[in-house]
Chemist: 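Sharing a structure, written as structure tokens. Questions coming.
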There are 2 protein chains.
Amino acid sequence: MTNADSGITGSLEDYLETIYRILARNSVARVKDIAENMEVSPASVTPAMKRLADKQLIRYSKRSYIDLTEKGLFIARRTMTRHKLLSRFLTEILGISRKQAESDACAMEHFLSESSMERLAAFFEFLAARPELQALIDTGFDESAPLKIGPELLCLTDLEPGSSGRIAMINAGQQVRRELIDSGFIQGTTVTLIRPGGTDLPFIVNLDGYDQHLSPEIAESVLLHPHREQTGEDDNEK
Amino acid sequence: MTNADSGITGSLEDYLETIYRILARNSVARVKDIAENMEVSPASVTPAMKRLADKQLIRYSKRSYIDLTEKGLFIARRTMTRHKLLSRFLTEILGISRKQAESDACAMEHFLSESSMERLAAFFEFLAARPELQALIDTGFDESAPLKIGPELLCLTDLEPGSSGRIAMINAGQQVRRELIDSGFIQGTTVTLIRPGGTDLPFIVNLDGYDQHLSPEIAESVLLHPHREQTGEDDNEK
DNA sequence: TTCATTTGTTAGATTTGTCTAACAGAAATA
DNA sequence: TATTTCTGTTAGACAAATCTAACAAATGAA
Ligand SMILES: [Mn+2]
Ligand SMILES: [Mn+2]
Ligand SMILES: [Mn+2]
Ligand SMILES: [Mn+2]
């Protein structure tokens, strides 16, 4: 798989990023360091170095130290910047743990387009220029503070059969919450009640053209935005 | 490469997602539809279907229609939800074009962890519950409205040699802006002035342990947060 | 200088994912 | 019914990325 932006694969970008990090501290980069940093066997590093040298991204000859070319330095630096940007987004904005953020960022960094990258950077500039907003996110948006339930939210179980509503939030414990999110119950999505449930009867709802069954307790935790109850109108995804 | 969450590769997740989308409209899914949707040759679809059937994610026998199993349906739905979440983040929050967002989202969706996914969904709930914030992002954060330069921002060129500052924003046209961002000049990053430049002499700055040269015009567009000018303190990345 | 240890390479295998070209089966049409 | 067209599979090739096991070179110690 070739990355559109750099013309090389995600794996090779990771090798460059790793070499860059090593060189920023160690003055020389060796196969062994790279293997350890990336947690692959040294036998995997050698062919990767050959591929990178073929593409003129590193200077490499058998058994010698490894150095980045101008082109390689550029890709390495850009990859690391993406890594940092994504990792900061995940930790600072979403509140993900450092470790998880590192791993997610390093997986996604290879697929961010140049424009998404620029806009994400702009998002941080935007936040930093508005301390009141930054504060709102810092204080109001963390694991401990449960989201305040707005005054006029409607419950999915209160919907008329055949009518629709837009999801505002999921009000449930982590497990049920994740199940619902995995199933597509995310804010802004339109859900239509096909058949109401009862004590032992699951609710049937339609979401993105697919019918799904929800037990009454689970349906209870889906809260909808008030007003605007048109049927058959889907405002996301064509 | 095996995705931590679902135990299958990103490519196979895309096949499941595609089958899901087709079934939501077409009642049956055929090799041809899948090949067209994913823009691969039909000869690539057959072995993918075999791999999916081996893993019990689809029901498939030679020359017959393709159907998702319970397990396959679950992964398909979750993949599509990730796709939607990321795509909405890119379009609604960052203001990326629809097309670019679709492509970025479909590339990144396979690598989001369960917790990042849940937090991203929470971010939308959070925004929707605070219309004033939503409005701020909608109006203040788009391509057309250039970010207001805060009152007391410091320019990189005003830094004392040896002293540091945290980047607040890049104030430059798209091209220079992207170059700087690719080079690691993103909000919050500490930059240290190593050697000031002159009319024809580039500035040398240190960023993440690496020295970089910046022409005076370009250095001019790096604006720093006021106060807090300690040297050698790096608040991002260990 | 010789031997042991560390480091790096090669050989050979495996999995995944793609392609083109050739072929086979099914469906539609004449 | 016979033939054409559409659809799907197979065969064979290739590139990328990894592994283990065996080997080779370089380094360091005795
Ligand atoms: Mn990576
Ligand atoms: Mn990375
Ligand atoms: Mn995808
Ligand atoms: Mn997708």
Chemist: Atom NZ of Lys62(A) to atom P of dA26(D): distance rounded to whole Å?
Modeler: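 For the pair Lys62(A) NZ and dA26(D) P, the rounded distance is 10 Å.
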
Chemist: In whole angstroms, how far is the P atom of dT10(D) from the CZ atom of Arg63(B)?
Modeler: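 Distance check: Arg63(B) CZ to dT10(D) P gives 8 Å.
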
Chemist: From C-beta outward on Pro42(B), which listed nucleotide comes closest to its side chain: dT20(C), dT9(D), dT10(C)?
Modeler: dT9(D)

Chemist: Between dC19(C), dT20(D), dT9(D), which nucleotide has the shortest distance from any of its atoms to the side chain of Val31(B)?
Modeler: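 Nucleotide nearest to Val31(B)'s side chain: dT9(D).
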
Chemist: Between the side chains of Thr18(A) and Asn37(A), does any donor sit under 3.5 Å from an acceptor?
Modeler: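 Judged by distance alone, the side chains do not pair up.
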
Chemist: How many whole angstroms separate atom CD of Glu36(B) from atom P of dC6(D)?
Modeler: 12 Å

Chemist: Round to a whole Å and report the spacing from NZ of Lys32(A) to P of dG8(C).
Modeler: 8 Å

Chemist: Counting any heavy atom closer than 4.0 Å, what does Tyr15(B) reach on the DNA or RNA strands: base, sugar-phosphate only, or nothing?
Modeler: sugar-phosphate

Chemist: Tell me what Tyr60(B) touches on the nucleic acid: a base, only sugar-phosphate, or nothing, going by heavy atoms under 4.0 Å.
Modeler: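 Result for Tyr60(B) = sugar-phosphate.
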
Chemist: Return no unless some side-chain N or O of Thr9(B) is found under 4.0 Å from OP1 or OP2 of dG17(C).
Modeler: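 Yes, because at least one side-chain N or O of Thr9(B) sits under 4.0 Å from OP1 or OP2 of dG17(C).
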
Chemist: Could you work out how much the helix from dT1(C)-dA30(D) to dA30(C)-dT1(D) bends, comparing the axis of its first five pairs with that of its last five, to 10°?
Modeler: 10°

Chemist: Taking atom C1' of dT15(C) as reference, at what distance in whole Å does atom CZ of Arg51(B) sit?
Modeler: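 Interatomic distance, CZ of Arg51(B) to C1' of dT15(C): 9 Å.
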
Chemist: Under a 4.0 Å threshold between the charged nitrogen and the carboxylate oxygen, would Glu114(A) count as salt-bridged to Arg82(A)?
Modeler: yes

Chemist: Of the listed nucleotides (dT20(D), dG8(D), dT7(C)), which one gets closest to any side-chain atom of Ala43(A)?
Modeler: dT20(D)

Chemist: Distance check needed: dA15(D) P versus Lys55(A) NZ, whole Å only.
Modeler: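 Going from NZ in Lys55(A) over to P in dA15(D) covers 11 Å.
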
Chemist: Quick one about Ser11(B) and Thr9(B) (side-chain donor to acceptor, distance below 3.5 Å, no hydrogens or angles considered), yes or no?
Modeler: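 The answer is no; no qualifying pair exists.
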
